[in-house]
Amino acid sequence: MKISLKGKGLFKTIALALAGVAALGLIAWGIKALVDYTKNDLKKVTLSYDVGNLGADGKYVNDESTLYTKEAFGCYGLQVKPDFDSTVNYQIFYYDILDNYISSTEVLTDGYSGKAPVNGAYARIVIEPRDDEDGKISLTERVKYPMQLTVKVKKNQDINGRFTSYKGKLMEVVADTDSLVFTPGLCLISSTLDWDTGNQYAATSTTCLKVVGGSTIKRNFSKLSEGYSSATCVVFEFKDLPSADSYISSKSVTETGLVLNKQTKCIIICCESSERGSPWSATDISKLPSCFTITK
């Protein structure tokens, strides 16, 4: 049976319509996949493991019964998920931007999702089999055991933006006052912008706080112990990450507040007791971050 020209045109129209629907479906699927990818800000990382271990100082130890990642990896947003039937324990070792060892977790069996310690930019992982028969890692086990752990981190590690070094001191860059970490016995000298490590009545933030220029910073030391409730406070303002070139000024902060320079992007805070009593206690140091508020 022959199909008329009119029939052929109808089939062509239907085919084009179906193709259009399919194309729209593919576009919609692509958009959904892109949105899902964007919403999930973690990525799976494939790590290379060698036979060996890490000691209490975070350095290599010769050990034929364990695996470790020789190369450190960016650990911002680190998550580790063992398989349901996993037969390994693992331990995470943290390092700063200069690959200096900071600390490690305990030996873990279950899943892990935790914030790195202050200045923790990189990590290494040690894998310890629980039921290895001969106590030695074979060639097949070098593949078998790491496959039992799924390791994910933030897609954007931004190592250079989250860590800096100022006058020889490594500093993590934080985005809120609760994340500030103060070091007792440390002071930043206004006249020279050098560190003074011998002032037992001072405490200075060794995390650098990102701020919005023109914001107002206030302090309230009423929750601190006697002798520190009247401490003085100086804020060092920088146009970018702390450096000699980005320094703007240093100003005192009162309870009524200090309006930051409009160009200020980062600050370091130095507190010092006005009464030469006892050095800073661990309790007062832990309370210091909550003594500050910043409003736009």
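These numbers come from the heavy atoms of this one structure, side chains and all, not from hydrogens, waters or symmetry mates.
- Salt bridge status for Asp63 with Lys136: absent, with no side-chain N to carboxylate O gap under 4.0 Å.
- Note on Tyr145 and Leu149: same hydrophobic cluster, where clusters join Ile, Leu, Val, Met, Phe, Trp and Tyr whose side-chain heavy atoms are under 4.5 Å apart, directly or indirectly.
- Between the side chains of Thr283 and Ser286, not a single donor N or O lies within less than 3.5 Å of an accepting N or O.
- Dense packing is recorded around CG of Asn220, with more than 12 heavy atoms of other residues, nucleotides or ligands lying under 6.0 Å away.
- Closest non-hydrogen pair, Tyr60 versus Gly52, comes out as CE1-CA, 3.9 Å.
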When you look at Trp280 and Tyr228, which way does the ring pair (Phe, Tyr, Trp, His ring centres under 6.0 Å) test go after all the steps? CA-CA 8 Å; Trp280 286 87; Tyr228 287 94; 4.1 Å; yes
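- Expressed to the nearest 0.5 Å, how far CG of Leu188 lies from OG1 of Thr206 amounts to 11.5 Å.
- Counting heavy atoms from C-beta outward, Tyr90 and Val126 have side chains that stay 4.5 Å or more apart.
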Going through the checks in order, is the ring pair (Phe, Tyr, Trp, His ring centres under 6.0 Å) test met by Tyr166 and Phe238? CA-CA 12 Å; Tyr166 182 64; Phe238 299 86; 5.6 Å; yes
side-chain contact (heavy atoms from CB on, under 4.5 Å) between Tyr122 and Ile159, intermediate numbers included: CA-CA 9 Å; Tyr122 297 101; Ile159 299 293; 3.8 Å; yes
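- No path of Ile, Leu, Val, Met, Phe, Trp and Tyr side chains, each step under 4.5 Å between heavy atoms, connects Tyr247 with Val253, placing them in separate hydrophobic clusters.
- The two residues Glu237 and Asn261 make their nearest non-hydrogen contact at OE1-N, 2.8 Å.
- Looking at every heavy atom in both residues, Gly114 comes nearest to Tyr94 through O-OH, 4.4 Å.
- For Lys70 and Asp50, the salt-bridge test fails: no basic side-chain N is under 4.0 Å from an acidic carboxylate O.
- Under the 4.5 Å side-chain criterion, counting only non-hydrogen atoms from C-beta, Val80 is not in contact with Leu108.
- The line from NZ of Lys210 to CZ of Arg162 is 11.0 Å long, rounded to the nearest 0.5 Å.
- Atom CD of Glu255 has more than 12 neighbouring heavy atoms from other residues, nucleotides or ligands inside a 6.0 Å radius.
- Here the CG-CZ distance, from Leu78 to Phe73, works out to 5.0 Å after rounding to the nearest 0.5 Å.
- The side-chain heavy atoms of Val173 and Thr207, taken from C-beta on, include no pair separated by under 4.5 Å.
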Evaluate Asp41 against Lys154 for salt bridge (charged side-chain N to carboxylate O under 4.0 Å, His left out), listing each step before the verdict. CA-CA 6 Å; Asp41 62 349; Lys154 293 277 190 182; 2.7 Å; yes
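- Remark: Thr105 pairs with no residue by the side chain to side chain donor-acceptor pair (under 3.5 Å) rule, at least two apart or across chains.
- Between Lys169 and Leu186 the shortest side-chain heavy-atom distance falls below 4.5 Å.
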Take Ile217 and Arg219 through the side-chain contact (heavy atoms from CB on, under 4.5 Å) test and state the conclusion after the steps. CA-CA 7 Å; Ile217 179 170; Arg219 55 92 171 165; over 6 Å; no
With side-chain contact (heavy atoms from CB on, under 4.5 Å) as the criterion, how do Thr216 and Ile294 come out once you've worked through the C-alpha distance, each side chain's angles and the decisive distance to 0.1 Å? CA-CA 6 Å; Thr216 299; Ile294 295 183; over 6 Å; no
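- Rounded to the nearest 0.5 angstrom, Lys59 NZ and Phe93 CZ are separated by 13.5 Å.
- Across every non-hydrogen atom of Ala203 and Leu288, the tightest pair is CB-CD1, 4.1 Å.
- Here the side chains of Phe292 and Phe221 are in contact, with some heavy-atom distance below 4.5 Å.
- When the shell of 6.0 Å around NZ of Lys115 is examined, it contains 12 or fewer heavy atoms from other residues, nucleotides or ligands.
- With Tyr49 as the aromatic partner, Arg142 does not meet the cation-pi criteria of under 6.0 angstrom to the ring centre and within 45 degrees of the ring axis.
- Counting heavy atoms from C-beta outward, Phe182 and Ile269 have side chains that approach closer than 4.5 Å.
- Of the inter-residue distances, the one linking Cys75 atom SG with Gln157 atom CD reads 7.0 Å to the nearest 0.5 angstrom.
- Using a 4.0 Å cut-off between charged side-chain N and carboxylate O, Lys239 and Asp245 make no salt bridge.
- Between Asp158 and Tyr76, every side-chain heavy-atom pair lies at or beyond the 4.5 Å cut-off.
- There is a path of hydrophobic side-chain contacts, each under 4.5 Å, that joins Ile137 to Leu47.
- At a cut-off of 3.5 Å, with distance as the only test, no side-chain donor of Ser65 or Glu128 sits close to an acceptor on the other residue.
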Would Thr87 and Gln148 count as a side-chain hydrogen bond (donor to acceptor under 3.5 Å, both in side chains) here? Give the steps. CA-CA 8 Å; Thr87 60; Gln148 297 181 24; 3.2 Å; yes
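- Separation of atoms CG (Leu260) and OG (Ser215) is listed at 6.0 Å; rounding is to 0.5 Å.
- Linking Ile, Leu, Val, Met, Phe, Trp and Tyr whenever their side-chain heavy atoms come within less than 4.5 Å puts Leu193 and Val234 in one cluster.
- When Ile97, Leu241, Leu98 are each tested for a side-chain contact (heavy atoms from CB on, under 4.5 Å) with Phe163, only one passes: Ile97.
- Distance alone, capped at 3.5 Å, places no donor-acceptor pair between the Asp83 side chain and the Ser86 backbone.
- Within the 4.5 Å cutoff, side-chain heavy atoms of Leu180 are placed close to those of Leu209.
- Linking Ile, Leu, Val, Met, Phe, Trp and Tyr whenever their side-chain heavy atoms come within less than 4.5 Å puts Val45 and Ile125 in one cluster.
- Looking at every heavy atom in both residues, Ser205 comes nearest to Met171 through O-CE, 3.4 Å.
- Taking all atoms of both residues into account, the shortest heavy-atom contact from Gly58 to Tyr101 is CA-CD1, 3.6 Å.
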Applying side-chain contact (heavy atoms from CB on, under 4.5 Å) to Thr150 and Lys44, what does each step give before you reach the verdict? CA-CA 7 Å; Thr150 299; Lys44 181 179 177 181; 4.2 Å; yes
